[in-house]
Amino acid sequence: MRQLAEGVGQLLGRPPHFMNAYLVDDVLVDAGTPAAAGRILRQLRGRDVAAHVVTHAHPDHFGSSHAVCEELGIPLWAGADDAEAIETATPVPAAGWLPGMMARGKMPPPHPVSRRLVEGDQVGSFTVLDVPGHSPGHIALWRESDRTLLCGDVFFRLPKVSAPWNFLTFDVRRNHQAMRRLAALRPALVLFGHGKPLRDPDLLSRVADALPGSE
């Protein structure tokens, strides 16, 4: 596990940085696809893990959530408006034909959400931010003291920093609003759902300023 900030570690993925999971204080954030369960559990072995948070209800973020929660005996927490999708393993809708086709594919196992997170809730040393758009109940985690941000999929970095792909996004306009909100925080460290960490708040702002409708 790679330490990125105080109490924040990035689990090693395969390939690196493609589908990220983090250990924040004693909380696992996101859990990749179902194939990642064994790798995640090996890296958590011997560590105190009290809960598991999912930033949003896409199968590449809660794919191993059921397996990890069952194995470690920990609760699952998620944004209030994404909880039902995780509990029923129902695909989050998005525009276009491709999401409809993907929705007919196999979903990860469902799992009960014991805590429905909303704006201002605390997750360890981080504060929950409601940033819907990529999914209805997408959340981010923000720590003001050192300006560390876990943004989920509000931004991608594959390899350039950008908006997430429109065809996978529930509401593109609202996600653009979320991008502007997070960029305005001027985070010193940004941790993405997909991509390498970023320590350049100016770049995040430039990307947000270039969005349609920005002034």
Derivation and outcome, side-chain contact (heavy atoms from CB on, under 4.5 Å), residues Val128 and Leu141: CA-CA 5 Å; Val128 172; Leu141 299 177; 3.9 Å; yes

Test side-chain contact (heavy atoms from CB on, under 4.5 Å) applied to Leu198 and Leu204, step by step: CA-CA 9 Å; Leu198 177 72; Leu204 213 64; 4.1 Å; yes

Evaluation steps, salt bridge (Lys or Arg N to Asp or Glu O under 4.0 Å), between Arg186 and Asp202: CA-CA 8 Å; Arg186 304 282 299 165; Asp202 290 335; 2.7 Å; yes

Stepwise side-chain contact (heavy atoms from CB on, under 4.5 Å) check, Val53 with Ile139: CA-CA 10 Å; Val53 166; Ile139 60 167; 4.0 Å; yes

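Both Trp77 and Leu191 are part of a single hydrophobic cluster, where members link through side-chain heavy atoms under 4.5 Å apart. Note on Leu185: it does not cluster hydrophobically with Leu189, by side-chain heavy-atom contacts below 4.5 Å among ILVMFWY residues. Linking ILVMFWY side-chain heavy atoms closer than 4.5 Å, directly or via other members, places Val8 and Val27 in a single hydrophobic cluster. Phe62 and Val113 fall within a single hydrophobic cluster, where Ile, Leu, Val, Met, Phe, Trp and Tyr are joined by side-chain heavy atoms under 4.5 Å apart, directly or via other members.
Under a 3.5 Å cut-off, the side chain of Gln43 and the backbone N or O of Leu12 do form a donor-acceptor pair. Side-chain N or O atoms of Tyr22 include one that pairs as donor or acceptor with a backbone N or O of Phe192 at under 3.5 Å. Asp130 places a side-chain N or O within donor-acceptor distance of the main-chain N or O of Glu119, the cut-off being under 3.5 Å. When atom types are taken as modelled, the side chain of His138 and the backbone of Asp153 share a donor-acceptor pair closer than 3.5 angstrom. Ser64 places a side-chain N or O within donor-acceptor distance of the main-chain N or O of Thr33, the cut-off being under 3.5 Å. Remark: the backbone N or O of Leu158 is not paired with any side-chain donor or acceptor of Ser162 at under 3.5 angstrom.
Side chains of Leu129 and Arg181 form a contact here, defined as non-hydrogen atoms less than 4.5 Å apart. Contact of the Asp30 side chain with the Leu150 side chain is not registered, since no non-hydrogen atoms from C-beta on lie closer than 4.5 Å. Taking 4.5 Å as the limit, every side-chain heavy atom of Pro108 sits out of range of all side-chain heavy atoms of His66. You'll find the side chain of Arg2 reaches within 4.5 Å of the side chain of Pro197, heavy atoms only. Two residues are said to be in side-chain contact when any heavy atoms from C-beta on lie closer than 4.5 Å; Val154 and Asn175 meet this criterion. Inter-residue side-chain proximity for His17 and Gln10 is flagged as met; some heavy-atom pair is nearer than 4.5 Å.
Pro132 approaches Arg174 most closely through the heavy-atom pair CG-NH2, 3.0 Å. When all heavy atoms of Pro112 and Leu76 are compared, the closest pair comes out as O-CB, 3.6 Å. Ile86 approaches Ala57 most closely through the heavy-atom pair CG1-CB, 3.6 Å. For the pair Pro164 and Phe156, the tightest heavy-atom approach, listed with the atom from each and the gap, is CB-CE1, 3.7 Å. In plain terms, the two heavy atoms of Phe126 and Asp25 that are nearest each other are CD1-OD2, 4.4 Å. Closest non-hydrogen pair, Leu182 versus Phe155, comes out as CB-CE1, 4.2 Å.
If you take OG on Ser205 and CE on Met179, they are separated by 11.0 Å, rounding to the nearest 0.5 Å. Between atom CZ of residue Arg173 and atom CG of residue Leu211 there is a gap of 13.0 Å, rounded to the nearest 0.5 Å. Atom-to-atom distance recorded for Cys69:SG and His111:NE2 is 4.0 Å, nearest 0.5 angstrom. Residue Arg39 holds its CZ atom at 5.0 Å from CZ of Arg14, rounded to the nearest 0.5 Å.
Residue pairs meeting the salt bridge (Lys or Arg N to Asp or Glu O under 4.0 Å) criterion with at least one partner in residues 74-90, sequence neighbours excluded, are Glu87-Arg116. Pairs of residues two or more places apart, or lying in two chains, that qualify as salt bridge (Lys or Arg N to Asp or Glu O under 4.0 Å) and include a residue from residues 131-145 are Arg143-Asp146, Glu144-Arg147.
A donor and an acceptor atom, one from each side chain of Ser135 and His58, are nowhere located under 3.5 Å apart. Side chain to side chain, His194 and His61 meet the donor-acceptor criterion of an N or O pair below 3.5 Å.
If you chain together ILVMFWY residues whose side-chain heavy atoms come under 4.5 Å of each other, Leu41 ends up grouped with Met1, Leu11, Leu23, Leu28, Ile40, Leu44, Val49, Val68, Leu72, Ile74.
Remark: Gln3 pairs with no residue by the side-chain hydrogen bond (donor to acceptor under 3.5 Å, both in side chains) rule, at least two apart or across chains. Residues passing the side-chain contact (heavy atoms from CB on, under 4.5 Å) test with Val172 are Asn166, Thr169, His176, sequence neighbours excluded. When the side-chain contact (heavy atoms from CB on, under 4.5 Å) test is applied to Ala89, the partners found at least two apart in sequence or on another chain are Met107, Pro110.
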